Protein chains: 2
Amino acid sequence: MDTVERLIQSTQELLWERGYVGTSPRAIQRRAGAGQGSMYHHFSGKPDLALAAVRRSAEQMRAAADAALSAPGTAVERVSAYLLREREVLRGCPIGRLTQDPDLIASPDLRQPVDETFAWLRRRMAEVLAEGRAGGELAPGLVPEETAAAVVAVVQGGYVLARAAASPEPFDQAVRGALALLAAGAPAAS
Amino acid sequence: MDTVERLIQSTQELLWERGYVGTSPRAIQRRAGAGQGSMYHHFSGKPDLALAAVRRSAEQMRAAADAALSAPGTAVERVSAYLLREREVLRGCPIGRLTQDPDLIASPDLRQPVDETFAWLRRRMAEVLAEGRAGGELAPGLVPEETAAAVVAVVQGGYVLARAAASPEPFDQAVRGALALLAAGAPAAS
DNA sequence: GTCTATAGCTAGATAGAC
DNA sequence: GTCTATCTAGCTATAGAC
């Protein structure tokens, strides 16, 4: 693996663990095993390197979500697959955690991939839910965009509850709660 | 207002805006209009001052949530009041945002008030939902603890989506989505 | 491409005068 | 109680040699 790649991956890890404010160029260099001069040769500075890392993490998150949402199965099965997919709950969401970083969110360049990732996720989730509604799996009264936002929010908020408790349990509870509500929203139950 | 009070309130504000890692003693002193010596006279250091500030914010969040959840009205009305209560959405949750702070979450003392606040909120929400279920407002199939975790997670995740989008809209969508799912979980709809 | 040197600034605190 | 001085370390680069 070349230096550029090691720098990007180290930055991804540190942004996930410590956020933008908590991540120093020095720490990145140490983790990547690269020198000062090397880093500044390939990237103009911390914001530039962070941008590359955030874009990479955004791609990966999108791919993982799409794997669940575009798999074969009914709409509810695919949403369930998204909610139940294996996660390192206590580490939180590598993209979602960036929304708490004032300096990152204040930069249009750095916020853009974060924004686009969640916009895409909500849209894709809404498509799946709309299919489910059209196919009679979900009550016609549920607005796909709103249900989608709620489902995505349960996951992001689940991370918050889990980290507060230092336990994955509240995350799992929230997911089960969301699944039960979706089941209750099935027309069969109406 | 005395110096101690100004220091605590300034720390509350800065922790909300910038988190623990992003908040320096220097910045606190400047905002509070207090000198170096003054701060270190009243508090042993940054962790000590942060603890006082986090406890204060936790009290305030709990009081605000309890106002909605213990108000008169049906269970669903009270949960709705909690979800719909006035919020500065783009600023995020002053307690929830702290869960993204590795140094804070790594300290048992500092994490404790955060943990207790969400534990209390989930418990209180579950009580209200259990009342609603007992009173026939909610389907017997909905487990109060799980539904409670989902509802609280929708709010915390809603903040994440809103900050990513730099707009309160996704938060409001998620809340409407959650309310619709709760309505779909009413036995009248079964 | 990578290294070392240098630089101005802030973090987080301690010490002692007033 | 509050002030100023001082301290070690780290942050975020830039400059120029190799």
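Being a predicted model, the structure only gives us computed values, none of them experimental.
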Please tabulate the protein-to-nucleotide N/O contacts below 3.5 Å involving nucleotides 10-14 of chain D, giving atom names and distances.
from: D/dC11; atom 1: OP1; to: A/Ser24; atom 2: OG; distance (Å): 3.0
from: D/dT12; atom 1: OP1; to: A/Lys46; atom 2: NZ; distance (Å): 3.4
from: D/dA13; atom 1: OP2; to: A/Lys46; atom 2: N; distance (Å): 3.2
from: D/dA13; atom 1: O5'; to: A/Tyr40; atom 2: OH; distance (Å): 2.9
from: D/dA13; atom 1: N7; to: A/Gln36; atom 2: NE2; distance (Å): 3.2
from: D/dA13; atom 1: N6; to: A/Gln36; atom 2: NE2; distance (Å): 2.6

State which residues pass salt bridge (Lys or Arg N to Asp or Glu O under 4.0 Å) with [X]; sequence neighbours excluded, sorted by chain then number.
X	value
A/Arg176	A/Glu169, B/Glu146
B/Glu17	B/Arg31
B/Asp115	B/Arg111

**Asked** Of the options B/Glu13, B/Glu5, B/Gln12, B/Arg6, which is the one that meets B/Gln9 in a side chain to side chain donor-acceptor pair (under 3.5 Å)?
**Response**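 For B/Gln9, the side chain to side chain donor-acceptor pair (under 3.5 Å) test succeeds with only one of B/Glu13, B/Glu5, B/Gln12, B/Arg6, which is B/Glu5.
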
**Request:** For A/Cys93 and A/Met61, work out which heavy atoms get closest and say how close.
**Result:**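 That would be SG-SD, 3.7 Å.
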
**Message:** Looking at A/Trp16, I'd like to know if the NZ or CZ of A/Arg97 sits under 6.0 Å from its six-membered ring centre while staying within 45 degrees of the ring's axis.
**Reply:**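 No, A/Arg97 and A/Trp16 do not form such a contact.
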
**Prompt:** Using a heavy-atom distance cut-off of less than 4.0 Å, which residues of residues 7-19 of chain A contact DNA chain C?
**Reply:**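 Per residue number, the list is empty: none.
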
Would you kindly give the [atom1]-to-[atom2] distance between [X] and [N], to the nearest whole Å?
X	N	atom1	atom2	value
B/Met39	C/dA11	CE	C1'	11 Å
B/Glu5	D/dG1	CD	C1'	17 Å
B/His42	C/dA13	NE2	P	17 Å
A/Phe43	C/dG1	CZ	P	13 Å

**Message:** Ignoring hydrogens and geometry beyond distance, is a side-chain donor-acceptor pair present between B/Gln36 and B/Arg26 at under 3.5 Å?
**Reply:**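 There is no such pair (donor and acceptor under 3.5 Å, judged by atom type) between the side chains of B/Gln36 and B/Arg26.
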
**Item:** Under 4.0 angstrom between B/Thr3 side-chain N/O and D/dG1 OP1 or OP2
**Value:**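 The answer is no; no side-chain N or O of B/Thr3 sits under 4.0 Å from OP1 or OP2.
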
**Message:** Once ring pair (Phe, Tyr, Trp, His ring centres under 6.0 Å) is applied, do any residues pair with B/Phe171, and if so which ones, sequence neighbours excluded?
**Reply:**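 If we apply the ring pair (Phe, Tyr, Trp, His ring centres under 6.0 Å) test to B/Phe171, skipping adjacent residues, the hits are B/Tyr159.
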
